[in-house]
Structures are given as structure tokens and as C-alpha cells.
Protein chains: 2
Amino acid sequence: MVCMKFPTSPDILPPRGHPAKRQSIIDAAAAVFCREGFAGANIDLVAAEAGVSRQTVYNHHGDKEKLFAAVVADITERCNARAFTVLSTFPDNPEDLEADLTVFAMRLNKGCIWGRDGRFLAKLIHAEGERHPELFETWRREGPGRVWSALAARFARLAFAGHLDIDDPDLAARQFLALVNVDLHIPWLFGETLSEEEQSASAARAVRTFLRAYGRKCEAAADALEEAHQA
Amino acid sequence: MVCMKFPTSPDILPPRGHPAKRQSIIDAAAAVFCREGFAGANIDLVAAEAGVSRQTVYNHHGDKEKLFAAVVADITERCNARAFTVLSTFPDNPEDLEADLTVFAMRLNKGCIWGRDGRFLAKLIHAEGERHPELFETWRREGPGRVWSALAARFARLAFAGHLDIDDPDLAARQFLALVNVDLHIPWLFGETLSEEEQSASAARAVRTFLRAYGRKCEAAADALEEAHQA
DNA sequence: GACGAATTAGACAAGAATGTCTAAAAAATT
DNA sequence: AATTTTTTAGACATTCTTGTCTAATTCGTC
């Protein structure tokens, strides 16, 4: 075997050393940056948490700022990938639309918002988004941009199939995500966790409201007439 | 006049020196803490931004952590006060419910979320909420707790008066706030501003969806029937 | 086993920030 | 005007952090 491991891209410098070590540094750095903020993060702490010497951190990433940028890029990528994975489980042919959407909403929460990467990314954006917006341009373009469109497309298809009554699928997608987050936001801020039941109940409430707004009007009318008859 | 300026509460140490200077220090500290985070904030910079010598900062607040706590307390109070001010403009006797709620939503945004204090408080919570939750206990109790209840009470009254159809007013209030924020969140993260028209359009979209979910069912039914007839 | 690359521990200089102290200046009060 | 309080500028010791350098050591590969 020849020693040229990266024959195709000699300009993109190959990650020197063990990729595993490189990744463990990024993971540790992500945790530390999120806990302490950029200024408060300590390279020694990152090294210790990664089980690596400080010099190795510098060897791999050269600089605190470069390390931060690498962390952002890494988490952005993982987060977007996960978002699309969850999105691929959207109920395109729902049996019970309300139940299926509720399960989907829970997956969305657990996978993207409540998960480790989601928390990290959100904290990083809040902390440094205003100061270094260029670091998050990729996220904005590939993240919300594409995810919202994709989700909107799914809703549009449901509407076309007669399961929903939607004027503006993009708006519906954004509002769906917002509703799904309603009860999770405050506990999220303080690092608290919700039990499975609470999460599920919250998702159910969000979906119920969403369907009240975007469910087929015929059904809503039928419900209303039925109630009116009973009254 | 006797020299006892604070006869009722001798234990709560009176703010020494000019209150104006004290406030300007807190304002400057708030700005710096929000920009740079707690660890990155520099007392010299706070002093300079407040137009005060560094020693004066220490005289007034003793310590970086105490200064931070004072900032949090101050902003919390102002933010909550403003929230209740806006809340007092809730349309209790709406002429045009949709229009009135839209205007109310815009006031809410401009006053509480988009305003200086709101931004500051949110950033502080995001940055330090997980590490120092005790600092924000007051906010949680007096802020979301009371504001949500108050808003829920207003919605309940509207429902009682026959303008809305709401099962759970607390939930409706939380969802209203979430919907109102949908389009503002991302630009907010990066310090961007929305034009008056965009804000107003966003509020209108939020209110329209809210009313589709919580408007009187009779109206929804009437709409549906009308459409059915036309079809 | 031998070679080269990667890693480690630790020392090190340079810079920055906190919090204290002092003497002089400014402001307010009487 | 005299006095007391507050503010100021600057020096200062201390601590912490970054980023570099070096020599020793480990690891992977041939």
C-alpha cells in the first residue's frame, strides 16, 4: 500500500493524527464552550476533558478561534443531519393524523431541540450569533432554510391529499415548530428535563392546536354543527 | 432635617453616592455583559462605558458577581414592569378582534421581546441560566408565571364573552406568545431588525392562525359552509 | 526491532484582568 | 467657607490564560 492516504485533495490538509482524538477534542470543546462561553472557555480544561494534552489541542486546531469555528461547523453538520433524519419519518400517509403528527413532533423534539447537539448549537448561536454571524451562515442556509422548506413540502402534500387545509405551507411549518416548542422552552433554558409523559402531552397539545387551525374545514364544520345540534 | 435618610430600613444599606451614577453603571454593565458574556466582560470597559472610574464601580457593587446579580435584578424588574404595561392594553372589548389582537401582538413584540431590556434579559438567561438558575428565580416567578396567568385571564374573559372558543386559557396564552414569535426568532438571534411592515405582517399571520384555532366554532362552521355552498 | 510521526509534560514569556490601595481632586452639605 | 463624602487616576500584587518551545515518550507501521 502506498503512503498517499489523501491523493485526491492534497490542498485540503488531511487531519493529522488520529481522527478519534480530533473528534474527542471537538466534543470536549463543544461542551466547554457551551458551559463557559467563548471567553470563559479554558483550553486546559478542554484538553483535560478530552483526555489529551494541551499541546495536542493546539496541534490539531491551532488556535482558540479556529477551534471554536471547528466546533460550530461540526455541530451544525450533525444537527442538520439529524434534523433531516427525523424529517424523513414524517407521516406522509397518516392513519390517524393527530396521533402520527404527535409522535413526529416528539421525535423532532428529542432529536433536534432537546438533544445534546441541538442544545449546544442553540447556546452557541445565542452566545456568539450576534458577534460572529459569519460562523453560522452555513447553519442558517442549510439548517432552518432547508428544514423548513422540507417540512413545508410535507405539509403541502398532506394538504393536497386532503388531510389538511393550508394556505401557506411555509408558514404552517414554522408555526408547527413554534407550537411544538411552547412548553419546552423555559425548562430548556435552565437545563431541566421533562418526563416522557410531559413531553408527549406537550406534543399532543401542540398538534391539537395545529389541527384546529389547519385541519380540514369540513371536519371543523361538522364538529361545530354536531355541537350546535346537541346544544 | 435629620440625617437619617432611610429610617425604615437601616439594614438594607442605602445606595451610596449618586443614584444616577449607580444606574449608569448598571446600564453599562448590562450592555457589556450581554455583548461579551460574563467571563468576557471587562470591568474597565464597564467603567469606561458608564463614564466612571473603575474604583467607583467597585465602590458601588463590590464585586463582578455582585454587579452581575444587580444587573439581572434590575433588568428583570424593568422587563416585568413593561410586560404588565403592555398587558394592560389587551383588547378586552374588541371591535375587530383580529385587528385588535394584531396590534396587541405588535406592542408585545416591540415592548418585551424586541426591546433593549428584553434582548438583554434573554441573552443573560441563555448565557447563565443553566449555571446560576437562582439569579433568575425571581424572573421565572414574577415574569412568565404572572404574565402568562394574566394573559390567560384576558383570553378566558374573551372566551366567556363569546369572542373565542378556548378549553385551556393558559395553554392558549402560551401558544399565542409562541405564534407571535415565529418570524422574529431567527433575525433576533443575529441582531437583525425587521421593518415595521414585516413585524406587522408577522403579527397578523400569528393572530390569523391563533383565531383559526381558537376563534368561535360557529364562525368557522359558517365559513366552511359558505365555501361548501360556493363549491 | 527500527524508523518516523504523533503525543506528552512541563517550562516559559507576554499579556490581560481582578481587586486593593493611596493620595489628590471634585462635589455636596452644613 | 469649612468639612465631609464621593470620585478619580494610577500604581500595584496576584492570578489566570494564551500560545510557543523543547525534550522525552509513546504509538503505528514497515
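Proteins come first, then strands; the chains are lettered A, B, ... in the order of their sequence lines, and each starts at number 1. From a predicted model like this one, the values you see are computed outputs, not experimental measurements.
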Bend angle of the helix from C:dG1-D:dC30 to C:dT30-D:dA1, from helix axes over five pairs at each end, nearest 10°: 30°

Ring pair (Phe, Tyr, Trp, His ring centres under 6.0 Å) involving B:F136 - partner list, sequence neighbours excluded: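 Not a single residue meets the ring pair (Phe, Tyr, Trp, His ring centres under 6.0 Å) criterion with B:F136.
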
Listed partners of A:R116 passing salt bridge (Lys or Arg N to Asp or Glu O under 4.0 Å), at least two apart: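 A:R116 satisfies salt bridge (Lys or Arg N to Asp or Glu O under 4.0 Å) with no other residue.
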
Just to verify, what does A:K64 make a salt bridge (Lys or Arg N to Asp or Glu O under 4.0 Å) with, not counting sequence neighbours? none

What's the verdict on salt bridge (charged side-chain N to carboxylate O under 4.0 Å, His left out) for B:R119 and A:E130, showing C-alpha distance, side-chain angles and the deciding distance? CA-CA 12 Å; B:R119 296 182 74 90; A:E130 218 161 333; 3.7 Å; yes

Please report the distance, rounded to the nearest Å, between CZ in B:R22 and P in D:dT7. 11 Å

To the nearest Å, give me how far apart OH (A:Y58) and C1' (C:dA9) are.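 Those two atoms, OH and C1', are 15 Å apart.
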
Residues of residues 61-73 of chain B with any non-hydrogen atom less than 4.0 angstrom from an atom of DNA chain C: list those, numerically ordered, please.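 B:D63, B:K64, in order of number.
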
Residue list, side-chain hydrogen bond (donor to acceptor under 3.5 Å, both in side chains) with A:D183, at least two apart or on another chain: A:S202, A:R205, B:R174

Are A:F33 and A:K123 side-chain neighbours, meaning at least one heavy-atom pair lies under 4.5 Å? no

Suppose we screen for side-chain contact (heavy atoms from CB on, under 4.5 Å). Which residues come up paired with [X], at least two apart in sequence or across chains?
{"X": "B:A83", "value": "B:C112, B:V147"}
{"X": "A:S88", "value": "none"}
{"X": "B:P144", "value": "A:I186, B:W139, B:W148"}
{"X": "A:A203", "value": "A:T102, A:A105, A:M106"}

Ring center gap for B:F155 and B:F90 short of 6.0 angstrom: yes

Summarise protein proximity over nucleotides 8-15 of chain D in one line of letters, 5' to 3': B for base, S for sugar-phosphate only, - for none, counting protein heavy atoms closer than 4.0 Å. BS-B----

Heavy atoms from other residues, nucleotides or ligands near CZ of A:R78 exceed 12 (cutoff 6.0 Å): yes

Which of residues 26-44 of chain B sit near DNA chain D, with a heavy atom under 4.0 Å from it?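 Contacts with DNA chain D under 4.0 Å: none.
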
Look at A:D74 together with A:R22 and state whether they make a salt bridge at an N to O cut-off of under 4.0 Å. no

Check the phosphate of C:dA6 against A:H60, side-chain N and O only, distance under 4.0 Å to OP1 or OP2. Yes or no?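 So the side-chain polar atoms of A:H60 never come under 4.0 Å of the phosphate oxygens OP1 or OP2 of C:dA6.
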
